[in-house]
2 protein chains.
Amino acid sequence: MGAAHDLLAARCPSRDVLNRVGARWVPTVLNALDAGPMRFTELKKAVEGVTAKALTETLRALEYDGIIDRVETPSVTPPRVDYSLTPLGRSLLEALNPVREWAERHVGDIAEARRRYELNSQAEAH
Amino acid sequence: MGAAHDLLAARCPSRDVLNRVGARWVPTVLNALDAGPMRFTELKKAVEGVTAKALTETLRALEYDGIIDRVETPSVTPPRVDYSLTPLGRSLLEALNPVREWAERHVGDIAEARRRYELNSQAEAH
DNA sequence: CCGGATCCAAGACGATACTG
DNA sequence: CAGTATCGTCTTGGATCCGG
């Protein structure tokens with residue numbers, strides 16, 4: 001190992017994917033859709049705190065990359081739009097599993113590191 | 001499977017980690033440090049396009065979370081500061097491997113999805 | 001050499017009002 | 001219901017100058 005890491009460099013797919021998947025509302029939206037297809041308003045309720053605008057932008061971006069699918073059922077009053085993960089999106093979620101596990105396992109370590117950092121800052125700024 | 005995904009929800013470690021790791025310069029910095037410890041200016045050269053300010057902020061954030069280590073060698077003119085991955089940071093990089101592999105494998109699929117999206121947009125806006 | 005301080009531009013995001 | 005339009009704010013990051 002070691003050589004393959006070059007692909008994480010400046011202009012590479014991994015960086016784009018990480019930036020996209022790390023965007024404000026993306027993780028929560030993906031998680032919500034993992035439970036199954038959802039309509040816009042359902043999604044808005046599931047992703048608490050998001051505004052319609054931010055949600056729309058998030059969904060458009062994910063649709064643009066082929067991560068989610070948007071199906072509009074053309075029936076007047078009321079309109080119906082369903083969002084769901086594509087196979088591509090599903091495979092992405094699987095690739096994200098180790099990150100999720102890492103986060104769960106090390107949430108304590110990070111909190112501890114932050115406490116240490118605070119203490120050191122205080123000590124130096126006496 | 002299915003139940004464990006709940007941890008990717010609104011207020012959870014995974015989301016924080018994803019947001020942090022998805023920040024603008026983080027992936028490239030981590031990749032650079034994977035090759036070994038580096039001084040500030042080396043890092044600045046390795047991460048092309050970054051400004052001193054953005055790099056400093058990125059490094060502080062990673063140090064704060066215990067992902068990287070900052071060692072200041074107290075010698076006047078010139079100062080010397082070395083950055084390196086902590087064991088925690090190294091384990092994070094490993095967890096990121098599947099994402100990197102996913103990105104490499106599906107970069108073509110994403111490009112194709114984007115082309116399809118453009119075409120559909122054109123077709124509708126005739 | 002390693003940044004901190006300051007100013008500024010662009011984009012992300014929220015609040016609100018409105019529409020097919 | 002599923003957005004769009006508009007506005008204002010807040011954050012990110014670039015540019016530049018300065019200091020230990």
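Chain naming here is simple, since letters A, B, ... match the order of the sequence lines and numbering starts at 1 in each. Quick caveat: nothing in here was measured; it's all calculated off a predicted structure.
Taking every side-chain heavy atom of B:Trp25 into account, D:dG14 is the closest of C:dG14, C:dG3, D:dG14. Counting only heavy atoms from C-beta on, B:Arg70 has its side chain closest to C:dG3 among D:dG3, C:dA15, C:dG3. Comparing C:dG3, D:dC1, D:dG13 by their nearest atom to the side chain of B:Ala54 picks out D:dG13. Taking only side-chain atoms of B:Ala52, from C-beta outward, the nucleotide of D:dG14, C:dG3, C:dC1 with the closest atom is C:dG3. With C:dG4, D:dT4, C:dC1 as the candidates, the nucleotide lying closest to the side chain of B:Arg60 is C:dG4. The side chain of B:Arg24 lies closest to D:dG14, out of D:dG14, C:dG14, D:dC1.
D:dA2 atom P lies 10 Å from atom NZ of A:Lys45, rounded to whole Å. Atom-to-atom, CD of A:Glu42 to P of D:dG3 comes out at 13 Å; the value is rounded to the nearest Å. Per the geometry, NZ belonging to B:Lys53 stands 7 Å off C1' belonging to D:dT12, to the nearest Å. One atom, CG of A:Asn19, and another, C1' of C:dG11, lie 14 Å apart when rounded to the nearest Å. Rounded to a whole Å, the CZ atom of A:Phe40 is 11 Å from the P atom of D:dC1. In this structure, the CG atom of A:Leu43 is 12 Å from the C1' atom of D:dA2, given to the nearest Å. Distance CG (B:Leu55) to P (C:dG3): 8 Å, rounded to an integer number of Å. A straight line from CG of B:Leu59 to P of C:dG4 spans 10 Å, rounded to a whole angstrom.
Between B:Phe40 and B:Tyr83, the ring planes lie tilted relative to each other; the angle falls in the 30° to 60° range.
If you find the closest nucleotide of DNA chain C to A:Glu57 and to B:Val81, the one lying nearer the 5' end belongs to B:Val81.
Using a 4.0 Å cut-off between charged side-chain N and carboxylate O, A:Glu112 and A:Arg116 make a salt bridge. Look at A:Arg70 and A:Glu72 and you find a salt bridge, because one of the NZ, NE, NH1 or NH2 atoms lies within 4.0 Å of a carboxylate O, short of that distance. Contact check on A:Arg100 versus A:Glu104 returns a salt bridge, with a Lys/Arg side-chain nitrogen under 4.0 Å from an Asp/Glu carboxylate oxygen.
Taking 4.0 angstrom as the limit, A:Tyr83 places none of its side-chain polar atoms (N or O) nearer than this to OP1 or OP2 of D:dC1. Of the side-chain N and O atoms in B:Arg39, one or more sit less than 4.0 angstrom from OP1 or OP2 of C:dC2. Residue A:Thr41 has a polar side-chain atom (N or O) positioned under 4.0 Å from OP1 or OP2 of D:dA2.
Between A:Asp65 and A:Leu88, the shortest heavy-atom contact is O-CD2, 3.8 Å.
Residue-level contact check: A:Lys44 touches neither bases nor backbone, having no heavy atom under 4.0 Å from any strand.
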